[in-house]
Amino acid sequence: MAGHPSHPGGGEVDLGAYLHESDSDGKALQATHKHKCLIIYLLLLVAFLSVQFGHGSNIGVAVSLKGNSKAMNLALGSWVTVGVCVGLPVTPWACRTWGAYRVCVFCLVIDVLVILLMMWPGITLHQIYVVRFLVGFFEAPFLPYLQEWLARFGKHTWNVWNAILHAMVPVGECLGYIIAQELVEAGFSWQYAFAGQAAALSLCSVSCLMYGGRKYLDLSHEKPQVFVADDPVNNLNGSSTCNRQAEGGGYDASQTNSDFTTSHEDSNFHSNGDADFDSSVIDEEPPDREVEYPVTEKWAVFWATNASLAAQLGFLSGAKYVIRDYGEQRGFSVHTTIFMFSAIALVGPAIGGAIAMSGSVIRPDQWSQHKKTIFYIACTSSVASGIAVLLPYTSTAIFWPALFACFIAAGGVYPAAQGIINIALTSSRVIDASVYQVQCNNILFAMPIPYVIGKSLDLWGEDTSFRCVTLLQVLSACGFALALVAATCTEERSAWHRLQPHAKTNAKFETGSPMT
């Protein structure tokens, strides 16, 4: 090797053995890290499932309560959403002030205590309103925290893990929906459903805290250190890059520190004349295919997809509130309606979501394929809307199979649209996109729809209310068609996009011509 003296004796052999041993140790540590992250993810998944179980139990209680006013009973589903809408704007400020980890632990403890208030003997309807509002308020930080945790510890499997996380929403709601109603039908108190939820949430949360500790749960733990380099300009640029990544929620402290350490040690290694190789190759692994983001925020596509998905979720959740009374009006027994609808609401979206997330049809996590993904969403939602509007005209024998086919098509929309929403605002605004999505869904549909459906049942009856719910699926299909138009028009290669002022400015920069 030119310019460097050769090592005496077996120095090169010893060095090779040392590097091989270091490489093996590094891979073992990395495997252990991935295993711990997977276990913690599963515990967080079950905890999130128990939260959704409580929401489903709330719906089951609302449709099971006796009384003359359906609107007042079904309003139970609204108060949880009102609490979430109030709590979400406070969440960013609280997390900046005290840290996301402390805020979530505090809210988790209070949430369990508030859930246990549902066990109060002789609790009235208006007292349940207050309790459900408090439950929603203290559960508001959970989903943004989970999104940020996934962005840090599951960045290579983020889209799949995120899709599974959101799949816990229908699973948990269906379980709670069934159990709460069956407890009432069997002559037991619906309050036992919330006792089980509090026990499951407490057990999973304590296990997660004991197993993961602050290292894997506190997102501010082991923040990147600031290294003072000889070149102040380079140091400033590096610090700015780290800060931008940290603000985006996709910052990986261990990766940045290891990159800096590797390059620093590598420069010293070469200067000492020990060997001539790039030591960063030692820890290099074939990278997994990560999430692909657009260069700039695509607000039109984001909001069109976001609002359309909110209407889609409004159809799926609205059906829960009206199906019991509508099933009785069609001649089905209460047990048949509960079990058939719960099985359809659980299995149908799972099949549709599995097809969408298989990767053989679309790739929702790749922005280069976003138009193909939105076209798929528009087609499947149109199929679901076509089946939905025909449901009131179907016979008793084919009503449940038709509803099952509708939920399969509608279920394929959710994970695909979720992927578009997650990546449309670039990697620096993943958490913002999650908050906007939750607020949009809550304000437009999740908060008003229980009371509106209840009022519709009081005024116009079951058949008209069910038809109104099916129109939400039609509205969703129209919205996704608009999202496809927005994706086509905002594409940089489109003629409409090239006529916009910002496109002309970018063209001047690219050609090097001065701005006027």
Side-chain angles (χ1 to χ4, degrees), residues 44 48 81 83-101 103-104 107 136-137 139-155 158-159 161-163 165-166 169 219-220 223 240-253 290-313 364-367 370 373-374 414-447 479 483 486-487 490 502:
L44 292 174
F48 188 65
T81 312
V84 174
C85 289
V86 174
L88 270 179
V90 182
T91 298
W93 168 80
C95 291
R96 286 193 301 268
T97 305
W98 295 292
Y101 174 76
V103 170
C104 284
C107 289
F137 180 83
E139 288 179 357
F142 293 170
L143 184 58
Y145 169 81
L146 291 174
Q147 294 286 163
E148 191 171 355
W149 188 91
L150 288 177
R152 177 168 178 179
F153 292 100
K155 59 183 180 180
W158 185 81
N159 192 61
W161 281 17
N162 188 61
L165 176 72
H166 285 277
V169 176
L219 301 178
S220 63
K223 282 287 186 179
S240 301
T241 303
C242 293
N243 291 336
R244 286 195 299 270
Q245 291 174 338
E247 292 171 358
Y251 184 80
D252 188 355
E290 297 186 16
V291 182
E292 183 180 287
Y293 298 91
V295 178
T296 58
E297 295 94 344
K298 306 297 180 181
W299 288 102
V301 177
F302 172 80
W303 282 115
T305 307
N306 197 1
S308 304
L309 180 60
Q312 177 79 70
L313 297 176
D365 59 335
Q366 302 297 309
W367 183 257
H370 74 286
T373 301
I374 298 176
Y414 181 77
Q418 184 70 46
I420 295 294
I421 292 171
N422 287 338
I423 66 178
L425 300 186
T426 72
S427 60
S428 63
R429 308 197 72 164
V430 172
I431 305 303
D432 293 344
S434 176
V435 173
Y436 296 156
Q437 179 197 356
V438 174
Q439 288 289 62
C440 178
N441 177 53
N442 288 346
I443 293 173
L444 292 182
F445 295 100
M447 185 166 56
T490 56
H502 64 83

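Positions are given from 1, in the same order as the sequence printed here.
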Review point. What distance do H370 atom NE2 and T490 atom OG1 have between them, rounded to the nearest 0.5 Å?
Key: 6.0 Å

Point to revise | Partner residues of F445 under the ring pair (Phe, Tyr, Trp, His ring centres under 6.0 Å) criterion, sequence neighbours left out | key: none

Study note, to complete from the structure: Sequence neighbours excluded, the answer for side chain to side chain donor-acceptor pair (under 3.5 Å) partners of Q439 is none

Practice item. Identify the two heavy atoms, one from D432 and one from R429, that lie closest to each other, and give their separation to 0.1 Å. Key: OD2-NE, 3.2 Å

Check your understanding: Of all residues at least two apart in sequence or in a different chain, which pass the side chain to side chain contact (heavy atoms under 4.5 Å, CB included) check with A446?
Key -> T81, N441, N442

Study note, to complete from the structure: All heavy atoms of V84 vs all of G136, minimum pair found to be CG2-O, 3.3 Å

Point to revise | Which atom of P141 lies closest to which atom of C107, heavy atoms considered | key: CG-SG, 3.8 Å

Check your understanding: Do you know which two heavy atoms are closest between N422 and Y293, and how far apart they sit?
Key -> O-CE2, 4.1 Å

Exercise for review: Output the distance between atom CD1 (I421) and atom CG (L309), rounded to the nearest 0.5 Å.
Suggested key: 4.5 Å

Exercise for review: Check side chain to side chain contact (heavy atoms under 4.5 Å, CB included) between V169 and all other residues, then give those that pass, not counting sequence neighbours.
Suggested key: F48, Q52, E173

**Study point:** Heavy-atom closest contact (I423 atom, P294 atom, distance)
**Key:** O-CD, 2.9 Å

Check your understanding: What's the spacing between D365 CG and I420 CD1 if we round to 0.5 Å?
Key -> 9.5 Å

Review point. Which class fits the ring pair F302 and W299: parallel under 30°, tilted 30 to 60°, perpendicular over 60°?
Key: perpendicular

Study note, to complete from the structure: Looking only at heavy atoms, the pair that brings P364 and P415 closest together is CB-O, 4.2 Å

Practice item. Just jot down the side chain to side chain contact (heavy atoms under 4.5 Å, CB included) partners of Y145, sequence neighbours excluded, or say none. Key: A100, C104, W149, L217, L219

**Study point:** Test side chain to side chain contact (heavy atoms under 4.5 Å, CB included) applied to W98 - qualifying residues, sequence neighbours left out
**Key:** W93, A94, V103

